[in-house]
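The block underneath contains the structure these notes are about, expressed in structure tokens.
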Amino acid sequence: MYTQRTKAKFEALKGGDPIVMGIESSCDETAVAIVRGRRVLANIVASQIDIHRKYGGVVPEVASRSHTDVIVSCIDEALYKAELTLDQIDCIGVTYGAGLIGALLVGVSAAKAICFARDIPLVKVNHIEGHICANYIDTDLKPPFISLVASGGHTAVYKVNGYNDYEVVGATRDDAIGEAFDKVARLLGLPYPGGPQIDRLAKEGKPTIKFYKHAKGVSADLSLSYSGLKTAVVNFLHNARQKNEQINVPDVCASFTAEAVDLLVDTTIVAAKREGLKTIVLAGGVAANSYLREKLKVEGEKNGFTVLYPPLSLCTDNAAMIAMRAYLSAVEGKDYADLSLNARPSL
Ligand code: KG4
Ligand code: ZN
């Protein structure tokens with residue numbers, strides 16, 4: 001019954017201008033947002049960073065419990081900020097992957113419960129596509145374009161052919177770039193999450209250390225790798241400590257950042273040239289990195305591309321990007337989900 005009724009309601013949203021709620025709980029932010037078109041009516045993020053900091057990283061079970069504690073109040077607050085009631089929400093988009101299974105299930109269960117109770121259609125949202133959609137908020141960006149997604153769990157270059165058409169053209173073979181940032185920061189004794197700390201310290205240092213020689217520059221298949229660079233920094237720090245040598249932390253941060261980011265920028269530019277596209281957009285938590293933002297802009301523009309990126313608050317995990325993704329699905333009648341929707345940790 002629910003499926004038939006809400007599927008019809010979902011179909012009716014096609015080509016319209018629905019009010020969409022987004023729910024995000026894939027990792028360590030509980031987030032709820034409401035959008036109408038490219039306009040954000042509310043964007044609530046309850047970060048768990050302070051909770052996980054003392055463990056040096058995200059503890060999955062603690063993350064799930066924290067999501068459970070705050071998800072209802074985040075939903076209430078988003079409605080309050082947007083001056084709306086649940087009856088005025090046309091559909092709900094929820095992140096169903098990728099992410100931590102227990103964490104994802106909190107958002108998915110909450111979204112399904114509201115949709116069932118209120119007869120609201122449900123839209124399934126891929127977290128990575130959500131990151132890319134942060135670039136549509138308050139802009140007039142239109143596909144096709146190349147998008148570099150650099151986050152804690154993913155590093156890939158996408159060709160975005162349409163609002164609902166995403167194609168991977170290059171990706172990391174092993175670790176994600178954000179994972180490498182966090183690991184190097186931990187070895188330097190910096191608090192979690194390490195990316196912003198390395199960003200801050202890199203500005204005080206110089207890229208004087210060569211950790212790892214990337215053998216052939218941009219690879220023919222546009223693949224990337226971060227485990228070799230990560231191990232090279234581990235070995236460098238280990239050797240220096242064994243020899244009791246002074247470690248210049250800002251120089252380590254600047255050198256690591258340059259090596260991690262330069263190849264990423266080069267790979268993205270080769271991808272854009274190969275695909276014959278004129279616009280490059282940046283997305284994901286590492287898109288907040290000041291060196292990456294600057295380098296991609298300078299190199300991209302030098303090569304004749306328009307380079308765009310979201311404001312800092314929309315780079316790291318948030319639900320405005322998830323609601324935006326769901327809005328674009330709903331107006332084209334895509335990605336409807338029924339109540340059998342399950343979390344997909346490795347989507
Ligand atoms: O997209 P995100 O919030 O979560 C995932 O989907 O993974 O990305 C989090 C990642 C973390 O690894 C964090 O250290 C990194 O983004 N990050 C940064 C910066 N801000 C966040 N990395 C480098 N520089 C930054 N300013
Ligand atoms: Zn993310």
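Read the numbers this way: they start at 1 and go in the same order the structure lists the ligands and their atoms.
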Item to check | Donor-acceptor pair between D174 and S225 side chains, under 3.5 angstrom | outcome: yes
Item to check | Polar protein atoms (N, O or S) that approach the Zn ion (ligand 2) to under 2.8 Å | outcome: H127 NE2, H131 NE2, D317 OD1
Next on the checklist: Using heavy-atom distances only, which candidate in G195, G285, A287 approaches atom 21 (C) of ligand 1 most closely?
Outcome noted: G285
Checklist entry - Taking atom CD of Q242 and atom CG of L237, what is their separation to the nearest 0.5 Å? => result 12.0 Å
Checklist entry - For D199 and S290, does a side-chain donor sit closer than 3.5 Å to a side-chain acceptor? => result yes
Checklist entry - To the nearest 0.5 Å, how far apart are OG in S109 and CG in L341? => result 9.5 Å
Item to check | Under 3.5 Å: N/O of G284 near N/O of ligand 1 | outcome: no
Checklist outcome for this item: Residue, atom and distance of the protein heavy atom nearest atom 24 (N) of ligand 1 read N289 ND2, 3.0 Å
Next on the checklist: Side chains of D262 and Y291 only: does a donor on one sit below 3.5 Å from an acceptor on the other?
Outcome noted: yes
Checklist entry - What atoms in ligand 1 come closer than 4.0 Å to a heavy atom of H131? => result 1 (O), 6 (O)
Checklist entry - Quick check, are the ring centers of Y192 and Y55 under 6.0 angstrom apart? => result no
Checklist entry - Do you see a donor-acceptor pair shorter than 3.5 Å between the side chains of Y336 and T6? => result yes
Next on the checklist: With the threshold set at under 4.0 angstrom, would you say G153 reaches ligand 1 through any of its heavy atoms?
Outcome noted: yes
Next on the checklist: Heavy atoms only, cut-off 4.0 Å: how does D182 contact ligand 1, side chain, backbone, both, or neither?
Outcome noted: side chain
Item to check | Audit row: E24, N318, side chain to side chain donor-acceptor pair (under 3.5 Å) steps and yes/no | outcome: CA-CA 7 Å; E24 154 65 37; N318 65 86; over 6 Å; no
Checklist entry - Heavy-atom contacts under 4.0 Å between H154 and ligand 1: side chain, backbone, both, or neither? => result neither
Checklist entry - Does a side chain donor of either D317 or H127 reach within less than 3.5 Å of an acceptor in the other side chain? => result yes
Next on the checklist: With a heavy-atom distance limit of 4.0 Å, tell me whether D199 approaches ligand 1 through its side chain, its backbone, both, or neither.
Outcome noted: side chain
Next on the checklist: Distance alone, cut at 3.5 Å: any donor-acceptor contact between the side chains of H67 and T30?
Outcome noted: yes
Checklist entry - If we ignore angles and hydrogens, is there a donor and acceptor under 3.5 Å between the side chains of R173 and S223? => result yes
Next on the checklist: Please report whether ligand 1 has a polar contact with T316, defined as an N or O pair separated by less than 3.5 Å (distance criterion only).
Outcome noted: no
Checklist entry - Considering only heavy atoms, does E29 approach ligand 1 within less than 4.0 Å through its side chain, its backbone, both, or neither? => result neither
Item to check | Any donor-acceptor N or O pair under 3.5 Å, side chains Y166, N161 | outcome: no
Checklist entry - Just going by heavy-atom distances, which of G130, P193, G152, G178 is nearest to atom 9 (C) of ligand 1? => result G152
Checklist entry - What are the atoms of ligand 1, with element, lying closer than 4.0 Å to any heavy atom of H127? => result 6 (O)
Checklist outcome for this item: Of all protein heavy atoms, the one nearest atom 3 (O) of ligand 1 is D317 N, 3.1 Å
Item to check | Nearest-contact summary for atom 15 (C) of ligand 1 - protein heavy atom, Å | outcome: V286 CG2, 3.9 Å
